[in-house]
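To find a chain, count down the sequence lines: A is the first, B the second, and so on, and within it residues start at 1. This is a predicted model, so every value here is computed, not measured.
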Amino acid sequence: MASKYDPQEAEPKWRQAWADAELFRAKTPLEAGGAPKAYVLEMFPYPSGRLHMGHVRNYAMGDVVARHKKAKGYNVLHPMGWDAFGMPAENAAMERGVHPGEWTYQNIAAMKAQFEKLGLSLDWSREFATCDPDYYGEQQRLFLKFMEKGLVYQKKAKVNWDPVDNTVLANEQVVDGKGWRSGAAVEQRELVQWFFRITDYAEDLLEEVQKLERWPEKVRTMQANWIGRSEGLQMRFEWASDEPDGYEDGVEIFTTRPDTLFGASFVALSPDHPLTIELAEGNSELQAFRAKCAQIGTSEADIEKAPKMGFDTGLKVQHSFTGQTLPVWIANFVLMGYGTGAIFACPAHDQRDFDFARKYDLPILPVVKPSDKDAAEGLWVRSGLGDDMDAAYTGPGVIMNSDFLDTLEIGPAKTAAIARIEELALGEGTTNYRLRDWGVSRQRYWGCPIPVVYCEECGIVPVPEADLPVKLPDDVSFQLPGNPLAHHPTWKHCTCPECGGPATRETDTLDTFNDSSWYFARFASVDDPAERAYWLPVDQYVGGVEHAVLHLLYARFFTRAMRDVGELDLPSGEPFAGLFTQGMVTHETYQSKDGKWLEPAAVERRGDEVVEITTGDPVEVGDIVKMSKSKKNVVDPDEIIATFGADTARWFVLSDSPPERDIEWTQAGAEGAARFVQRVWAVFDELPNTKPGAPEGKTDLRQASHKAVAAIDKAIEEFRFNAAIAEFYTWLNAIKKGAGESETNRYEAASMLARCLPPFMPHLAETCWARIGGVGFVSETAWPEIDAALTVDDTVTLPIQVNGKRRAEIAVSKTASKDEIEQIAMAAPDLQSHIEGKMPKKIIVVPGRIVNIVV
RNA sequence: GCCUCUCUGGCGGAAUUGGUAGACGCGACGGAUUCAAAAUCCGUUUCUGGCAACAGAGUGCCGGUUCGAGUCCGGCGAGAGGCACCA
């Protein structure tokens, strides 16, 4: 009777042994000799205190890559740390009176203990938390470097205010008009804030993201859309009426449709345009209008439904080409933050302008005529005057009613219009970006203090490097609303580093996305630039797609900024050469009759029904969605590990679904994975504990093994872990089938299997390796060599099609010529009834693939 | 509205240069073992017809290219994600 493999006994033992041997410590370049480096990184976790299945999947994937690279001879860096600043710690402080630091470090300890149970090949020697003063002190130094270089500035700006977290949010952190963390409707407030000039890098960030071939197309597109480059014309309209003070030259507008200039019927300013503000002084009607716009603007979610609103200033400008006068309106749909905050409107070819023109009875002048084909398809109903139009026409066509632009297609017309405006010295072709500067000030305690002081004499003064880090005070109160740093009785008072007079500290802290924007460089080395240059960029980064435009954009900016202030030797500026975004772990949801969510552990399947265990009441099975506390559809990794072992948990989250897609956690699936563990062990359990001799022959088992190793290798390289796992199953089935083969061949198969398993089930792999007398740890044993000759078959089975339908099969030698194959095929007995003596018109022979007979 | 992606058995999914559709796993069914059950092992499992050999249909829908299409092209539909008054 075969013995049973006990993960609970084996797993802790191996983890201790790996730790004692410092198996996963990254080597220095010198120690590594000529070995190539591989920096494998998963997005570091926020220390919430509990590991969830999503973490398990994320880190299991990274570990596959790290362990595989190690087996392939790379010098691997696979570190781990903690993204430790953030609101939850402050919330805990408010709710339970525990200090955020204490709460955070306790969570880190608890989570680390859970992490260690997974058997990941992590180099813990490089561990840090972003709330370590060491770390954020260095971040403050970088901030000051950026400031020196002019990459940081302060301005009063309308910002997104989260009324629940009581802090400002960056544009990237506002999702559907709501705070990304709190879910509260975001308001607009005017505040003085620190900004990073991420827009300085807009062009480079856009251009380079397209070149990141080992990034998912989806993420590249999302970043490109976010940066939002658009080419157009910036020009000014000169006054046809009195010139307002400071605007003697006219009104600057931006447009991407200079081809429709002849269709202009008015110019519109943003309610927040400086000219609007100037005009509003002493104009109560306009003040009321601005207030009304601002009201709607308070909730971004409302903007979508907001009606078009306008205010006629009474001012007139002159059309640059026709000399006509156009009225200047203030329109609520014009945004101050994009372009110049002013537009010219062509209602016939822009829906917003169209809606506005209809509401305020402004002219609609069509200037783009669709081709006959487009017109026939109803894209354009009537030509002539726009009064007949039901909507703006934004499709392709030919310019009309436009003097020198007539008959040109839209593209050439744009070029011609820009050229003419440039000749007239009224403007020039420009490029605009949707991306805006990154507002980094947060009115929170648990973050990196911004290292500047305000002096009445000297103004804004950077904290000298010698005085860094500017540490957070420990004695803070969370009883008052708002920023605890601002409430602190003494902390903010200091002396000015320049004049020695009284000064106050900046009480805002940095957006926590700063912390995660360079942590990978810190992992590479605490302070040695050469070591950082050696490891960076990260070769394989793994994390959730939710960071597609947040973290992943900020980090790309940070590495560029660090490079440009001489802090990082990374010519490309790209921190992550390869990126993989993994799917979520989902689970069925359960609701009792009274609508309460039930935990998976509280229900069980009885026949076709799902019932509550305690009461036996039927339970409604709901959607399969991401595991979340609110729906209680969570499975605790600790419990799974206690039941099945870490290997089973890792195996299951990698099996079945492709890594980029969501995977549904099911009890049955986990049991299947656990079954596999025992079946693998059974193979090893009956083998000798020393190598019985050299394997021999080109047998089915040997072929299966050598093919499997090649297939698993390829699948891992291609990030198709589910396919790799399927190969393991197929291989194991072949091993069972090959039970009658010689012991030497069976030993070879098992030995190869043990060496392929560590990326997926490292503990089982070690146990199996030890069982058959393997030398050292299999975790640092090379990936098995394969004999290429064993991966090709001598004979192949070819399907034979008649008119594309499969009718027969023949076995032919691998080396058979086309003619030989054709002869054998034509003689196949199963085939005759389908040919019925007809002469084939054509016979297609693809050696090694297929034969198709056309009759 | 714009952009991107997805659509294959009861389920997750294979088939990655156009070449045997359904690998592998889950579930289900049948059998062995057992006093019985669990566990384990062995088999069957795309659908329709047929005792069977076999035949027909089949990768969201319609059409095209090709000796041959899940794969390529055109159109349509459904779902997911991202962006969204960005001129």
Salt-bridge contact Glu203(A)-Arg229(A) (side-chain N to carboxylate O under 4.0 Å): yes
With both distances under 3.5 angstrom, what nucleotide forms a Watson-Crick or G-U wobble pair with C2(B)? G82(B)
Write down the partner of G60(B) under the Watson-Crick or G-U wobble criteria, each distance required to be under 3.5 Å. C76(B)
Contact under 4.0 Å: Asn733(A) side-chain N or O vs G25(B) OP1/OP2: yes
Has Tyr729(A) got a side-chain N or O lying under 4.0 Å from the OP1 or OP2 atom of A23(B)? no
Return the 5'-most residue of the pair Leu798(A), Thr221(A) with respect to RNA chain B, ranking by each residue's nearest nucleotide. Thr221(A)
Quick check on U4(B): is either OP1 or OP2 less than 4.0 Å from any side-chain nitrogen or oxygen of Arg220(A)? no
Phosphate OP1/OP2 of G13(B) contacted by Arg661(A) side-chain N/O (<4.0 Å): yes
Using a cut-off of 6.0 Å, state whether more than 12 heavy atoms not belonging to Lys737(A) lie near its atom NZ. no
From G12(B), A87(B), A14(B), pick the nucleotide closest to the side chain of Ser657(A)? G12(B)
Watson-Crick/G-U partner (both atom distances under 3.5 Å) of A37(B): none
Determine, using ring centers only, whether Phe356(A) and Phe266(A) are less than 6.0 Å apart. yes
If we count only N and O atoms by modelled type, under 3.5 Å, do the side chains of Glu727(A) and Tyr729(A) hold a donor and an acceptor together? no
When both hydrogen-bonding distances must be under 3.5 Å and the geometry is Watson-Crick or G-U wobble, what is G70(B) paired with, if anything? none
Among C85(B), G56(B), A14(B), which nucleotide sits nearest the side chain of Phe333(A)? C85(B)
Would you say U4(B) has OP1 or OP2 under 4.0 Å from some side-chain N or O of Lys218(A)? no
Checking N1-N3 plus N6-O4 or O6-N4 for Watson-Crick, or N1-O2 and O6-N3 for wobble, each under 3.5 Å, the partner of G18(B) is none
Aromatic contact, Trp651(A) with Phe676(A) (centres under 6.0 Å): yes
Can you check whether Ser230(A) has a side-chain N or O nearer than 4.0 Å to OP1 or OP2 of A87(B)? yes
Under 4.0 Å between a side-chain N or O of Arg434(A) and OP1 or OP2 of A84(B)? yes
Per the O4'-C1'-N9-C4 / O4'-C1'-N1-C2 angle with a 90° window around 0, G25(B) comes out anti
According to a strict under-4.0 Å criterion, is Asn722(A) in side-chain N/O contact with OP1 or OP2 of A14(B)? yes
C26(B) pairs with, by Watson-Crick or G-U criteria that keep both distances under 3.5 Å: G10(B)
Within the pair Lys805(A) and C67(B), is there a side-chain N or O less than 4.0 Å away from OP1 or OP2? no
5'-most contact on RNA chain B: Pro799(A) or Thr340(A), nearest heavy atom basis? Pro799(A)
